[in-house]
Amino acid sequence: MKRLYASKSVVLALLGSMVLGGCSMANGQGNTVQETVESHYVNDEGVIHAYPDKPDSEYLSESLGLYMEYLLKVGDEKNFAEQAAILKERFLIETGGEAFVPWRLYEEANVNALIDDVRISAALDKGAEQFSEPAYLEISKHILSVIESRQHQQGTVVDYYDWSFQLAGNRLTLSYLISDMKVLPESYAMLDLEETGIFFPEYYDFEKQQYIKSEEVHMIDQLLIAINRFDQGMESPEFKNWLIGEWGKEGRLAGRYERESGNAAVDYESLAVYYYLWQYFERVGHEEFSKQAVERAESLAGEELPGELHFFDFIHYQMMMHEQ
């Protein structure tokens, strides 16, 4: 395997014009989000690490894709081009005439992650149109072609492809089926499951040929599944009724819950959970609850960011604040 490095001319094309954008405030000091990312979340080469001021923390394709999504929202052409160049130079790996994005930058990381690839591909497609840069489409095609040709079971997309063993994974995580997926769209049928309790199963196991449920559920996963189902025209009345009741009673949402009882399993709250809670309430027309979710997130975040926030929480919070 070898890294798919861009030529100098391609990198220059990707960098685009030096347009300043994205003036959303990141914290109480008035820094832009981009300035905060630059100061706390990137190494000397501009690659995002997971935790602020900890360059020894993980470098994830998830972080890159989410940041590209944010940069699109604020119209920051310059920084988007820089992230696209980092994707091409540091993340994209060529093997046997194909190219894939490892889920993290690590010498032995030969597995991708479906949701990260879909998010990155969608960001590149939108960036190509928004910034009039066709080079982004070519990178997107590289990423999607692997999913279409290799990463599926019985015609249904799966979580990953392992390039070390040349094998597709045996499961599909339902929260990964976001609406931006442009390959194997028949996979959305996996979301059409009968509700048998408050919470959804987390994934489908192709070897066992059944949906798998954990004893404790993560609310990011549950909210994403509910959002994915809604976007495909599927209602989730049991989950929706529980969520409205829990929010109306507690005015907060914990990070994890017990599947059987519906009781909170932890005390902590998450800014990323509130992002998806806000998204779900917006979709189902509960505007007052949607507003309350944003207010709760603002209260939780306080004025000093990023603090100890994982990039996942930090950037989801910033996307939510930008859209208010």
Side-chain angles (χ1 to χ4, degrees), residues 1-7 9-11 13-14 59-69 72 80-81 83-106 108-191 203-204 206 228 231-232:
M1 295 184 188
K2 63 178 180 178
R3 298 222 174 263
L4 193 63
Y5 288 102
S7 66
S9 61
V10 172
V11 171
L14 286 170
Y59 294 82
L60 305 173
S61 63
E62 170 189 83
S63 301
L64 185 144
L66 287 168
Y67 192 39
M68 292 175 76
E69 190 175 312
L72 280 172
F80 186 91
Q83 291 304 309
I86 287 169
L87 167 68
K88 192 170 178 70
E89 292 183 329
R90 299 299 306 279
F91 279 89
L92 205 61
I93 295 177
E94 183 182 20
T95 175
E98 295 178 297
F100 76 99
V101 179
W103 73 276
R104 64 174 177 170
L105 282 187
Y106 181 67
E108 301 300 324
N110 294 318
V111 175
N112 68 319
L114 174 65
I115 191 170
D116 301 331
D117 288 1
V118 169
R119 185 182 289 118
I120 289 170
S121 172
L124 289 167
D125 287 352
K126 294 170 188 174
E129 181 177 0
Q130 187 169 332
F131 303 130
S132 301
E133 181 47 80
Y136 298 152
L137 283 178
E138 293 306 309
I139 306 174
S140 177
K141 288 176 183 177
H142 276 301
I143 296 169
L144 293 182
S145 65
V146 171
I147 298 174
E148 190 165 27
S149 64
R150 293 176 177 264
Q151 196 173 324
H152 50 82
Q153 294 279 2
Q154 303 162 28
T156 300
V157 70
V158 292
D159 286 2
Y160 63 87
Y161 186 83
D162 189 326
W163 289 88
S164 297
F165 298 97
Q166 302 284 297
L167 289 173
N170 279 323
R171 75 184 210 177
L172 169 59
T173 299
L174 301 183
S175 60
Y176 287 8
L177 290 170
I178 59 178
S179 60
D180 281 325
M181 194 169 67
K182 292 186 177 181
V183 293
L184 301 171
E186 58 272 21
S187 304
Y188 286 122
M190 301 301 290
L191 291 167
Y203 65 92
Y204 183 82
F206 286 91
N228 293 347
D231 289 347
Q232 297 304 314

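This one's a predicted model, so the numbers in the text were calculated from it and none came from an experiment.
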Is there a donor-acceptor pair under 3.5 Å between the side chain of [X] and the backbone N or O of [Y]?
X      : Y      : result
Glu133 : Ala128 : no
Gln83  : Leu64  : no
Ser187 : Val157 : yes
Gln153 : Gly169 : yes
Asp231 : Ile178 : no

Point-to-point distance, once rounded to the nearest 0.5 Å, from [atom1] of [X] to [atom2] of [Y]:
X      : Y      : atom1 : atom2 : answer
His142 : Glu94  : NE2   : CD    : 7.5 Å
Ser175 : Tyr203 : OG    : OH    : 12.5 Å
Gln232 : Met190 : CD    : CE    : 13.5 Å

Which atoms form the tightest heavy-atom contact between [X] and [Y], and what is the distance?
X      : Y      : result
Leu72  : Phe80  : CG-CE1, 3.6 Å
Gln151 : Leu184 : O-CD1, 4.2 Å
Ala113 : Trp103 : CB-CB, 4.0 Å

Check your understanding: Could you give all pairs that pass the salt bridge (Lys or Arg N to Asp or Glu O under 4.0 Å) test and reach residues 59-68, with sequence neighbours left out?
Key -> none
With a 4.5 Å heavy-atom cut-off, do [X] and [Y] have their side chains touching?
X      : Y      : answer
Leu177 : Met181 : yes
Leu114 : Tyr160 : no
Phe206 : Gln154 : yes
Val158 : Asn170 : no
Ile93  : Val101 : no
Asp159 : Tyr176 : yes
Leu174 : Leu191 : yes

Review point. Is it true that the side chains of Glu98 and Ser149 contain a donor and an acceptor less than 3.5 Å apart?
Key: yes
Point to revise | Residues Arg150 and Gln166: side-chain donor-acceptor under 3.5 angstrom | key: yes
Exercise for review: Please lay out, stage by stage, how Ile147 and His152 fare under the test side chain to side chain contact (heavy atoms under 4.5 Å, CB included).
Suggested key: CA-CA 7 Å; Ile147 298 174; His152 50 82; over 6 Å; no
May I have the list of side-chain donor-acceptor pairs in residues 116-124 shorter than 3.5 Å, sequence neighbours left out?
| from | atom 1 | to | atom 2 | distance (Å) |
| --- | --- | --- | --- | --- |
| Asp116 | OD2 | Ser61 | OG | 3.3 |
| Asp117 | OD2 | Asn112 | ND2 | 2.7 |
| Ser121 | OG | Ser140 | OG | 2.7 |

Exercise for review: Please check if atom OH in Tyr67 has more than 12 non-hydrogen atoms from other residues, nucleotides or ligands closer than 6.0 Å.
Suggested key: yes
Exercise for review: Check the surroundings of atom CD in Glu129: do more than 12 heavy atoms from other residues, nucleotides or ligands lie under 6.0 Å from it?
Suggested key: no
Practice item. Fit a plane to each ring of Trp163 and Phe100, take the angle between them on a 0 to 90° scale, and name the class: parallel (under 30°), tilted (30 to 60°) or perpendicular (over 60°). Key: parallel
Review point. With sequence neighbours excluded, what pairs up with Lys141 under the side-chain hydrogen bond (donor to acceptor under 3.5 Å, both in side chains) test?
Key: none
